[in-house]
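One structure is given below, encoded as structure tokens.
This is a predicted model, so every value here is computed, not measured. In what follows, every heavy atom counts, from backbone to side chain, and hydrogens, waters and symmetry copies are set aside.
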Amino acid sequence: MIQDIWEEVYLMASLAIDSAWLPSPSESLCRSLNVCVEEANPADILPALEAPMSSVSDNCNIPKPPPLPSKVRMRTKYSKRPLECSLVPKETKNTWDKLFKEGYGVDVCIITKDKSCVLAHSNILSIASPVLSNILSRSKVKHGMRYIKIPGVPHDAIFMFIRFLYSSCYEEEELRKFVLHLLVLSHSYSVLPLKRVCICLLEQGWLTRENVIDVLQLAKNCDAPRLAFICVRMIVKDFKSISSTEGWKVMKRANPALEQELVESVVEADSRKQERQRKMEEKKVYLQLYEAMEALLHICKDGCRTIGPRDKVLKGSQVTCNFPACKGLETLVRHFSNCKTRVPGGCVHCKRMWQLLELHSRMCNEPDSCKVPLCRHFKEKMQQQSKKDETKWKLLVSKVIAAKNAVGSFSSRRSCLS
């Protein structure tokens, strides 16, 4: 149907970490940390003292409120700019609408698809549409009337189209019924106001699974790129149901190139979605590794709850820790200090601990004063690694630092906005 309408009208106008070696002095971690087996007594933890509330005793210190704003209106640099007024009174619209419906002094007869006639005034048609003006100038006058044809479009759609040229009036229910015909007519006869109305209403909720394919084809032919983009986005989002509609089947037969284009758009969108999800998961893992590095440094330097350096007083398990990864790392360190299978490939949890210690060593810039066990040991062992392993570790370190910087910049932007 869409192809017929268009043809007839247009005649008129988106690391797994493997450690190649394990350092031998594993007991140094246990000697460095004080792992408390018993839970701290909550009664030993002193409650935080609240600061006394200060009361306002002297009202004289309260500043006076600012003066009320002046009633005199201040002139701005825009005050002299004339305001454009585009309001058309309802009475004016009604007058033009009445002129069209009553047909006083008409001199044009527009013959429609079913051989019926829509009467109009040549002057108004010529002013409203340059295409109609050209057609009317070439038409012959017979008995004081000019006769032109607009084939392929229902009589009611022609009636709405000519009425809009007079008064810009329309009934929403009727417009919804003939919106595709009116989009073609407004484009073919260069009636931009009506074209904008049709496009706007289609973009704002008149698109459905049944008509989106037809609208897409018309949007491409009628120079409406934003509407075409919205249609493609809707098709990609709901491809399964839209590809089973009658409009898709007709388009598949009449325009196979468009079908191929839409299928490629769906595949591309799916690939972008998968790539985006993969990158998000990857960033999440790198951010967790960075949080683990922060928690490890926190445990080995300051101590946390039930684990920490031997020269530090442990705070007990009831104290809240601000490091998200601290609890999990605390469990891992506790397992590492008591595990009897700390050999290469013997214990998955211990292997993970070795990897975290090596990752910290590669990110640490102060190995001589670092409190984390085996930091210097791993620094020395780096020289014995192969180029392949060294490249892998460097890539991991760069990605962990990048994830940390990304979160930091986002947090700073959000704090600035708030």
Side-chain angles (χ1 to χ4, degrees), residues 14-20 202-217 219-220 224-253 255-295 324-325 328-329 332 348-349 351-352 355-356 358-359 362-363 387-414 417:
S14 206
L15 179 63
I17 306 171
D18 289 321
S19 182
L202 285 168
E203 288 176 352
Q204 292 179 358
W206 284 14
L207 284 175
T208 64
R209 290 185 303 174
E210 286 70 27
N211 72 2
V212 67
I213 297 295
D214 292 338
V215 174
L216 173 61
Q217 294 177 85
K220 285 178 172 290
R226 188 177 63 186
L227 179 59
F229 173 77
I230 292 173
C231 291
V232 172
R233 189 170 59 181
M234 181 177 177
I235 293 167
V236 169
K237 189 176 180 181
D238 195 15
F239 179 74
K240 188 175 181 180
S241 59
I242 291 174
S243 60
S244 62
T245 60
E246 190 64 30
W248 179 275
K249 294 173 184 176
V250 173
M251 179 269 296
K252 186 177 180 179
R253 293 193 299 268
N255 195 350
L258 180 58
E259 182 205 12
Q260 181 66 24
E261 181 184 336
L262 291 173
V263 171
E264 289 175 0
S265 298
V266 172
V267 173
E268 185 181 349
D270 190 51
S271 300
R272 283 199 304 266
K273 183 180 179 181
Q274 291 179 4
E275 182 67 15
R276 190 162 55 247
Q277 289 176 345
R278 186 188 66 79
K279 287 185 177 180
M280 287 177 64
E281 291 297 324
E282 198 177 75
K283 285 182 180 178
K284 188 178 178 182
V285 170
Y286 294 139
L287 185 59
Q288 288 173 346
L289 283 174
Y290 176 76
E291 290 174 350
M293 295 298 98
E294 292 283 294
L329 193 60
L332 189 62
V348 177
H349 302 295
K351 182 180 178 181
R352 188 174 300 158
Q355 291 167 345
L356 289 175
E358 183 174 357
L359 179 59
R362 290 179 175 273
M363 296 177 66
K387 267 192 176 182
K388 185 178 179 181
D389 290 336
E390 184 69 18
T391 304
K392 261 204 266 185
W393 278 104
K394 281 184 177 178
L395 181 63
L396 176 62
V397 170
S398 66
K399 287 185 177 292
V400 171
I401 294 174
K404 170 250 180 181
N405 292 337
V407 172
S409 61
F410 175 76
S411 301
S412 62
R413 284 199 304 268
R414 193 166 63 176
L417 289 173

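The side chain to side chain contact (heavy atoms under 4.5 Å, CB included) search around T391 returns none, not counting sequence neighbours. Among residues two or more places apart in sequence or in another chain, the side chain to side chain contact (heavy atoms under 4.5 Å, CB included) test is passed with E246 by K249, V250. Shown here are the salt bridge (charged side-chain N to carboxylate O under 4.0 Å, His left out) partners of E261, two or more places apart in sequence or in another chain: K220.
With no hydrogens or angles considered, a side-chain donor-acceptor pair links D270 and Q274 at under 3.5 Å. Of the N and O atoms on the side chains of Q260 and E264, at least one donor lies less than 3.5 Å from an acceptor on the other residue.
Distance CG/L289 to CD1/I401: 12.0 Å, rounded to 0.5 Å. Expressed to the nearest 0.5 Å, how far CD1 of I230 lies from CD of Q204 amounts to 9.0 Å. The CZ atom of R226 sits 11.5 Å away from the CG atom of L202 when rounded to the nearest 0.5 Å. Taking NZ from K283 and CZ from R278, the interatomic distance works out to 10.5 Å, rounded to the nearest 0.5 Å. Interatomic distance, CD1 of I235 versus CG of L258, reported as 7.5 Å (0.5 Å rounding).
Closest approach of N211 and T208 over heavy atoms only: OD1-N, 2.7 Å. Taking all atoms of both residues into account, the shortest heavy-atom contact from L227 to E203 is N-OE2, 3.5 Å. Closest non-hydrogen pair, A228 versus A219, comes out as N-CB, 3.7 Å. In terms of heavy atoms, V397 sits closest to R362 at CG2-CB, 3.9 Å. In terms of heavy-atom proximity, M234 sits nearest to V212 at SD-CG2, 3.9 Å. W393 approaches Q355 most closely through the heavy-atom pair CH2-O, 3.8 Å.
You'll find the side chain of R276 reaches within 4.5 Å of the side chain of K273, heavy atoms only. Under the 4.5 Å side-chain criterion, counting only non-hydrogen atoms from C-beta, W248 is in contact with L262. No side-chain heavy atom of M251 sits under 4.5 Å from any side-chain heavy atom of L216.
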If you apply the rule side chain to side chain contact (heavy atoms under 4.5 Å, CB included), what do you find for K399 with L395, and how did you get there?
CA-CA 6 Å; K399 287 185 177 292; L395 181 63; 3.9 Å; yes
Could you please spell out the steps behind the side chain to side chain contact (heavy atoms under 4.5 Å, CB included) verdict for Y286 and L396?
CA-CA 8 Å; Y286 294 139; L396 176 62; 3.7 Å; yes
Set out, in order, the CA-CA distance, both residues' side-chain angles and the distance that settles side chain to side chain contact (heavy atoms under 4.5 Å, CB included) for K284 and L287, then state yes or no.
CA-CA 5 Å; K284 188 178 178 182; L287 185 59; 5.8 Å; no
As a quick check of understanding, evaluate side chain to side chain contact (heavy atoms under 4.5 Å, CB included) for K237 and R233, giving each step before the final call.
CA-CA 6 Å; K237 189 176 180 181; R233 189 170 59 181; 5.7 Å; no
